[in-house]
Amino acid sequence: MRRLPFPLIPKWLRYLATLGVAGFLLYYSVLAPAPVQPSSPDPLWDKKLHVIGYLGLGLALAYATAHFRDTIWKRIAVVLVLAVGFGLLVEGLQSTQPGRYASLNDALANTIGALLASAWFVVERGVRYVRPLESTDPVDTGQ
């Protein structure tokens, strides 16, 4: 099976991007004013935002850890533990803010988003990481 080339940016930049995603989630979950509910809200609009946010964090973590030499299961565990743990931390921080509250349903939505990001590891089997400008040399990810 031919694997599709996928750019692998430098490790420091992957981690910086992941911190950016986490910072975005932290800011809008804890520091920014609580979002105004839409005039005709979908009953799950808030939960969808949580799923999308933690799907993004999980994907960023999965991409950032592409260089890990551990087994795929260890990488999945690292991604899930970090994403779900961050979600729990954010929920705890929300409980200390006026106008915000911690919610088990939000934590569950965060976890679902992180679990959905695990689908990347299936997709990754068909990917050959290449460094930009070196598209002929695959990057050995140890998998």
Side-chain angles (χ1 to χ4, degrees), residues 1-38 41-97 99-143:
M1 178 172 124
R2 185 157 194 243
R3 297 181 342 166
L4 296 174
F6 194 85
L8 186 67
I9 61 176
K11 183 176 21 175
W12 69 269
L13 191 52
R14 295 191 314 260
Y15 282 113
L16 186 62
T18 303
L19 285 174
V21 172
F24 178 87
L25 291 173
L26 180 65
Y27 176 77
Y28 283 101
S29 297
V30 178
L31 303 174
V36 176
Q37 192 173 26
D42 172 354
L44 298 176
W45 74 275
D46 175 54
K47 302 310 172 249
K48 290 176 183 177
L49 293 176
H50 283 268
V51 169
I52 291 167
Y54 284 85
L55 170 63
L57 180 61
L59 289 172
L61 284 164
Y63 182 60
T65 60
H67 65 284
F68 278 22
R69 302 284 184 212
D70 294 325
T71 67
I72 191 74
W73 295 108
K74 285 184 183 177
R75 255 181 87 206
I76 292 170
V78 165
V79 167
L80 289 177
V81 165
L82 289 176
V84 172
F86 184 74
L88 292 173
L89 173 69
V90 167
E91 287 301 315
L93 290 172
Q94 279 185 336
S95 69
T96 66
Q97 299 299 311
R100 298 280 189 162
Y101 61 94
S103 163
L104 287 177
N105 288 333
D106 288 350
L108 178 61
N110 298 346
T111 302
I112 290 169
L115 285 169
L116 287 173
S118 297
W120 171 252
F121 295 105
V122 175
V123 172
E124 191 178 59
R125 290 179 178 180
V127 165
R128 175 177 49 95
Y129 284 114
V130 294
R131 298 201 192 282
L133 305 176
E134 299 175 15
S135 62
T136 58
D137 297 329
V139 176
D140 180 15
T141 60
Q143 297 178 17

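Residue numbers run from 1 in the order of the sequence given.
- Inter-residue side-chain proximity for T65 and V79 is flagged as met; some heavy-atom pair is nearer than 4.5 Å.
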Q: For L89 and L26, run side chain to side chain contact (heavy atoms under 4.5 Å, CB included): C-alpha distance rounded to whole Å, both residues' side-chain angles, the deciding distance at 0.1 Å, then the answer.
A: CA-CA 9 Å; L89 173 69; L26 180 65; over 6 Å; no

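- You'll find the side chain of F86 stays beyond 4.5 Å of the side chain of V21, heavy atoms only.
- The heavy-atom pair separating A60 from T18 by the smallest distance is O-OG1, 3.2 Å.
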Q: Output, in order, the C-alpha distance, side-chain angles, deciding distance and verdict of side chain to side chain contact (heavy atoms under 4.5 Å, CB included) for E124 and I72.
A: CA-CA 10 Å; E124 191 178 59; I72 191 74; 4.0 Å; yes

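- Under the ring-ring contact (aromatic ring centres under 6.0 Å, His included) criterion, Y101 pairs with no residue, sequence neighbours left out.
- The environment of CG in L104 is sparse: at most 12 heavy-atom neighbours from other residues, nucleotides or ligands sit within 6.0 Å.
- Relative orientation of the Y63 and F6 rings is perpendicular, given thresholds of 30° and 60° on the angle between their planes.
- Looking only at side-chain heavy atoms (C-beta outward), V127 and W120 come within less than 4.5 Å of each other.
- Shortest non-hydrogen contact noted between Y28 and R100 is O-NH2, 3.1 Å.
- To the nearest 0.5 Å, atoms OH (Y15) and CH2 (W12) are separated by 14.0 Å.
- Side-chain contact between V90 and L25 is absent, with no heavy-atom pair separated by less than 4.5 Å.
- Side-chain contact between Q94 and E91: present, with at least one pair of heavy atoms (C-beta onward) separated by less than 4.5 Å.
- The side-chain hydrogen bond (donor to acceptor under 3.5 Å, both in side chains) test applied to K48 returns D42, not counting sequence neighbours.
- Residues L8 and R14 meet the side-chain proximity criterion, which asks for heavy atoms closer than 4.5 Å.
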Show me the side-chain donor-acceptor pairs of residues 108-116 shorter than 3.5 Å, one per line, residues at least two apart or across chains.
from : atom 1 : to   : atom 2 : distance (Å)
N110 : OD1    : H50  : ND1    : 2.8
N110 : ND2    : D106 : O      : 3.4
T111 : OG1    : A107 : O      : 2.9

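- With a 4.5 Å cut-off on side-chain heavy atoms, W73 and F121 do not count as touching.
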